[in-house]
Amino acid sequence: MNEFQWHRQMRDLAQPEPPSRDLWPAIAARLERADEHADTSAPAATLHTLTPPVRRSRLLPWAMAASVAAVSVLAIGLAQRSAGVSAGSVAATPALARSWQPKDPRLSGAAVELQAARLELAQAMQQAPDSPYLHRLMHRTQQQQMRLRRLENEAG
Amino acid sequence: MPPTPTAQATDNELARDALRGSTAAFETLYRRHVGRVHGAVLRLVGYDHGRAEELVQEAFVKAWQKLGSFRHESAFGTWLYRLSVNTALMALRSQASSPIYDAGEDGPPDVGEEPFCPAERRELEQAIAALPPRARVVLVLHDVEGWRHEDIARETGMAVGSSKAQLHRARGLLRRALGERS
């Protein structure tokens, strides 16, 4: 066999060759499982890995808002504990002012931030009511609010 | 809600819909490209059909996850093909230290006693399947898929010189296996 024949024969092998069975049902199931897993039990890092980018980007602002709120809660809480300043001025928005406000001024800032996060999440859930991810964030935010109430009760 | 894909939609349009979460668009892409992708992966894994199907599934799941990195600069088919070949190469590399990977490195592949006929594609496929994995990968990518040594080296993590050496070796083994019957 000369070089020309060799190469022609090799290139002839480069034909499309569909699989013997339809692989799509298995692929579709894996895509679904991956998304379900990301939405229900995986942390944000896994969600980032498994969900198509645009769907991630839709959730990202809300996830970021919740993260910012959580960081703000921590930062404000720490600042107020150390400086002992009143955070009463933070609760300026009417919607936020209507919500529960702790009597302890050191916890007011955290309460406002958590309530703001909760409102933002509620808005997001109006657009995506079935998103387990948003439900999880909302649940976490509510738990933080309850913790805040407990903190105030403990402080007397 | 992403629009229902049509048969006339281009790959790029379908890729955009898939990126917005349309699995129907992605299924259309799958049906258009699975033949080419499966063919390439099948050759790389030495015509192991079960393994090839597993890796093709893996490649399409990866493609779904990485749709955001498709920049529409190249054809979607080319992007998917490269991603699939890369998936197969990674799988082959992960078994590189196993005894199976090294089996038969020194001897020519055994393709049986039947006389070789160039027209018999199946026999050639069997001979390629029997090559040592690294040699087979380089031979398939270079001689069958038409890749350059530089691209093979980059994707497989070997030096360009090694790629050339493996090709030389693979051709030699293949010729010996086929007995230079023509």
Side-chain angles (χ1 to χ4, degrees), chain A residues 1-39 42-63 124 127-134, chain B residues 2 16-24 26-28 30-43 47 49-50 52-70 116 118-119 121 124-125 128 139-140 142-146 171 174-175 178 180-182:
Chain A
M1 191 192 313
N2 63 32
E3 283 297 306
F4 175 76
Q5 287 171 319
W6 171 274
H7 286 294
R8 195 185 59 187
Q9 202 170 22
M10 286 294 166
R11 289 302 173 92
D12 281 349
L13 290 177
Q15 300 294 325
E17 194 163 335
S20 54
R21 62 190 175 94
D22 186 6
L23 303 180
W24 176 252
I27 293 169
R30 284 183 64 178
L31 298 185
E32 197 156 319
R33 272 204 308 274
D35 279 352
E36 274 175 12
H37 180 66
D39 282 346
T46 314
L47 180 79
H48 182 82
T49 317
L50 294 174
T51 314
V54 161
R55 293 166 70 185
R56 284 201 299 267
S57 68
R58 275 193 225 128
L59 297 177
L60 199 59
W62 306 109
Q127 290 177 29
D130 299 325
S131 165
Y133 181 65
L134 290 177
Chain B
R16 282 195 193 94
D17 288 346
L19 191 57
R20 287 195 282 263
S22 167
T23 48
F26 194 64
E27 182 182 356
T28 307
Y30 160 82
R31 304 223 174 269
R32 279 186 192 174
H33 296 285
V34 69
R36 185 186 180 202
V37 163
H38 179 260
V41 172
L42 185 66
R43 289 184 281 276
Y47 297 92
H49 287 263
E53 290 179 1
E54 222 170 77
L55 288 169
V56 168
Q57 286 183 35
E58 184 71 34
F60 274 93
V61 172
K62 269 191 195 170
W64 170 258
Q65 291 165 354
K66 290 173 181 269
L67 272 171
S69 67
F70 172 54
F116 176 71
R121 177 193 169 110
L124 180 57
E125 288 175 353
I128 291 172
L139 179 97
V140 167
H142 189 277
D143 281 2
V144 182
E145 305 292 330
R171 284 174 175 172
L174 204 56
R175 284 183 196 279
L178 298 173
E180 287 291 7
R181 293 178 177 95
S182 60

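Chain letters run A, B, ... following the sequence lines, proteins first, then strands; residues in each count from 1.
What you find for A/I27 and B/Y30 is that their closest heavy atoms are CD1-CE1, 3.7 Å. Nearest heavy atoms, A/P16 versus B/R36: CB-N, 3.9 Å. The minimum heavy-atom distance linking B/V34 with A/P19 is given by the pair CG2-CD, 3.8 Å.
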Donor-acceptor list for residues 54-61 of chain B side chains, cut-off 3.5 Å, not counting sequence neighbours:
residue: B/E58; atom: OE1; partner: A/R30; partner atom: NH2; Å: 2.9

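Ranked by heavy-atom pairs shorter than 4.5 Å toward chain A, the options B/H33, B/R171, B/H49, B/E53 are led by B/E53.
B/R121 contributes a side-chain N or O that, together with a main-chain N or O of A/D12, makes up a donor-acceptor pair within less than 3.5 Å.
Rounding to the nearest 0.5 angstrom, the gap separating the CZ atom in B/R43 from the CD atom in A/E17 is 7.0 Å. Distance check: A/E32 CD to B/T23 OG1 gives 8.0 Å after rounding to the nearest 0.5 Å. Rounded to the nearest 0.5 angstrom, B/I128 CD1 and A/L13 CG are separated by 5.0 Å. Taking CG of A/L31 as the reference point, atom CD of B/E27 lies at 10.5 Å (rounded to 0.5 Å). Residue B/H142 holds its NE2 atom at 7.5 Å from NE2 of A/H7, rounded to the nearest 0.5 Å. Within the model, atoms CG of B/L174 and CD of A/Q9 stand 9.0 Å from one another, a figure rounded to the nearest 0.5 Å.
Take A/R8 and apply the salt bridge (Lys or Arg N to Asp or Glu O under 4.0 Å) test, not counting sequence neighbours, and it matches no residue.
Only the side chain of B/R31 comes within contact range of chain A, with heavy atoms under 4.5 Å apart.
Considering only heavy atoms from C-beta on, A/W6 comes within 4.5 Å of B/D143 through its side chain.
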